[in-house]
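Contents: one structure, followed by commentary.
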Amino acid sequence: MARQPLFDDLEIGEIALQLDDQEPEDVIAWALETFDEDRIAIVTALQADGMVILDMAYRMKPNIRVMTVDTGRLPQATYDFYEQVRERYPEARFEVLFPDYREVEEMVRRHGINLFYQSVPMRLLCCHVRKVRPLIRALNQLDAWFTGLRRDQWASRAAIRKVEIDHDHDGVIKINPLADWTKEDVWAYIEEFDVPTHPLYAEGYTSIGCAPCTRPIQPGEDDRAGRWWWETNAPKECGIHCPIETGGFEHEMEAIVGHGHHENGHAH
């Protein structure tokens, strides 16, 4: 079913202003009342921020849709934690999104299994094939999605609003209930409501992604320093929340997607 725009930029801007000083629960309640239950979902990698949103939303609507991406390179701890989360929130509708195997095969054939260590464009390519494209396919079926983004996480996220039109993803409404929260706010909620947390936090991880691309941070480092730590002066983003354009990356993506889909169903 095609998405019907419910709001224009002016209307969403006014709603964002009204919600900016509201509590996350109020933002979530507004979204759950506004959008059809089958056309809105929490998208989370099961990190602390996303778990807080899941806990809040579940209290209001237990059958909330929850989407997470399995890139194929996640730590075993993430899979184990996923099962724990499913047990804690049994009525939620969990969906695991996977990359297109043809695109993964073509990418690995061209650039190797650990291409992300070669260059920033190669890392962006891997993120795009394994994470961004599966999410885009899912967002095409939604009118709105919840994220755990906070303004204090990284410079590229400093201007996010609690509700905004996601023009990078065909106008889906993006809801960021924790936009004005701090890390301390997140962990205070987790402690108060005994929200399950990813076991790797206890090992010094502060941002958890794919196993080859995530490490614990060192004392004094930024919370995002454990992601793609070998890169210098590169955005600590995968491209889901902030569009990233480099000529080489765009060209490779087009080649891989075109090649992978062109060969679908044909022996060579």
Minimum heavy-atom distance between F116 and C126, given as atom pair plus value: CD2-SG, 3.8 Å
Side chains of I175 and W145 in contact at under 4.5 Å (non-hydrogen atoms): no
Side-chain heavy atoms of L142 within contact of R65, under 4.5 Å: yes
Any L135 side-chain heavy atom under 4.5 Å of V43 side chain: yes
Residue list, salt bridge (charged side-chain N to carboxylate O under 4.0 Å, His left out) with R93, at least two apart or on another chain: D38
Between W187 and Y201, ring centroids under 6.0 Å: yes
Single-linkage hydrophobic cluster, 4.5 Å side-chain cutoff, L17 and L178 together: no
Between D70 and Y82, a side-chain donor and acceptor under 3.5 Å: no
Any side-chain heavy-atom pair of I40 and D143 under 4.5 Å: no
Expected output: side-chain T214 to main-chain G209 donor-acceptor under 3.5 Å: yes
side-chain hydrogen bond (donor to acceptor under 3.5 Å, both in side chains) partner of D180, the single match among K162, R151, Q22, R161: K162
Side chain R39, main chain Q141, donor-acceptor under 3.5 Å: yes
Side chains of W228 and C210 in contact at under 4.5 Å (non-hydrogen atoms): no
Side chain R130, main chain T71, donor-acceptor under 3.5 Å: yes
Candidate pair M56 and V52, rule side-chain contact (heavy atoms from CB on, under 4.5 Å), full reasoning: CA-CA 6 Å; M56 290 178 174; V52 167; 3.7 Å; yes
Point-to-point distance, once rounded to the nearest 0.5 Å, from CE of M122 to SG of C127: 12.0 Å
N-O pairing of D152 and K183 below 4.0 Å: no
Distance-minimising heavy-atom pair for I113 and R73: O-NH1, 3.1 Å
Nearest-0.5 Å distance that lies between atom NE2 in H111 and atom CG in L125: 5.5 Å
Cluster overlap F35 with I28, hydrophobic side-chain contacts below 4.5 Å: yes
R59 vs F193 side-chain heavy atoms within contact, under 4.5 Å: yes
Backbone of P177 reached by a side-chain donor or acceptor of R150 within 3.5 Å: no
Connected via hydrophobic side-chain network under 4.5 Å: Y205 and I190: yes
S207-D223 side chain donor-acceptor pair, cut-off 3.5 Å: no
L54 side chain near I64 side chain, heavy-atom distance below 4.5 Å: yes
Greater than 12 external heavy atoms within 6.0 Å of E191's CD: no
Polar side-chain atom of N176 near backbone of A179 as donor-acceptor pair, under 3.5 Å: no
Connected-component partners of L74 among ILVMFWY, side-chain separation under 4.5 Å: Y79
Spatial distance of atom CD1 (I165) from atom NZ (K174) [nearest 0.5 Å]: 13.0 Å
Parallel, tilted or perpendicular: ring planes of W30 versus F7, cut at 30 and 60 degrees: tilted
Residues that R215 engages under salt bridge (charged side-chain N to carboxylate O under 4.0 Å, His left out), provided they are two or more places apart: E221
Shortest non-hydrogen separation from A92 to Y58 and the atoms involved: N-CE1, 3.6 Å
Short N-O contact, E105 and R109, less than 4.0 angstrom: no
Approximate separation, where rounding is to 0.5 Å, of I53 CD1 and Y189 OH: 10.5 Å
Audit row: E37, N63, side-chain contact (heavy atoms from CB on, under 4.5 Å) steps and yes/no: CA-CA 8 Å; E37 66 178 26; N63 70 332; 3.4 Å; yes
Intermediate values then yes/no, side-chain contact (heavy atoms from CB on, under 4.5 Å), L115 and M107: CA-CA 9 Å; L115 70 160; M107 176 179 70; 3.7 Å; yes
Test item: I12 and I173 side chains (from C-beta on) under 4.5 Å apart, heavy atoms: yes
Residue pair D80 / Q84, side-chain donor-acceptor N/O under 3.5 Å: no
Nearest non-hydrogen partners of R88 and D55, listed with the distance: NH2-OD1, 4.1 Å
Exercise: identify the closest heavy-atom pair between V163 and A16: O-CB, 3.4 Å
Minimum-distance pair of heavy atoms, taken over all atoms of M60 and L32: CB-CD1, 3.9 Å
Steps toward side-chain contact (heavy atoms from CB on, under 4.5 Å) verdict (H198, T78): CA-CA 7 Å; H198 198 298; T78 297; 2.8 Å; yes
Evaluation steps, salt bridge (Lys or Arg N to Asp or Glu O under 4.0 Å), between E106 and R102: CA-CA 6 Å; E106 178 65 10; R102 296 161 298 184; over 6 Å; no
Gap separating the CD atom of Q47 from the CZ atom of F81, nearest 0.5 angstrom: 10.0 Å
Rounded distance [0.5 Å steps], CE in M51 versus CG in L46: 6.5 Å
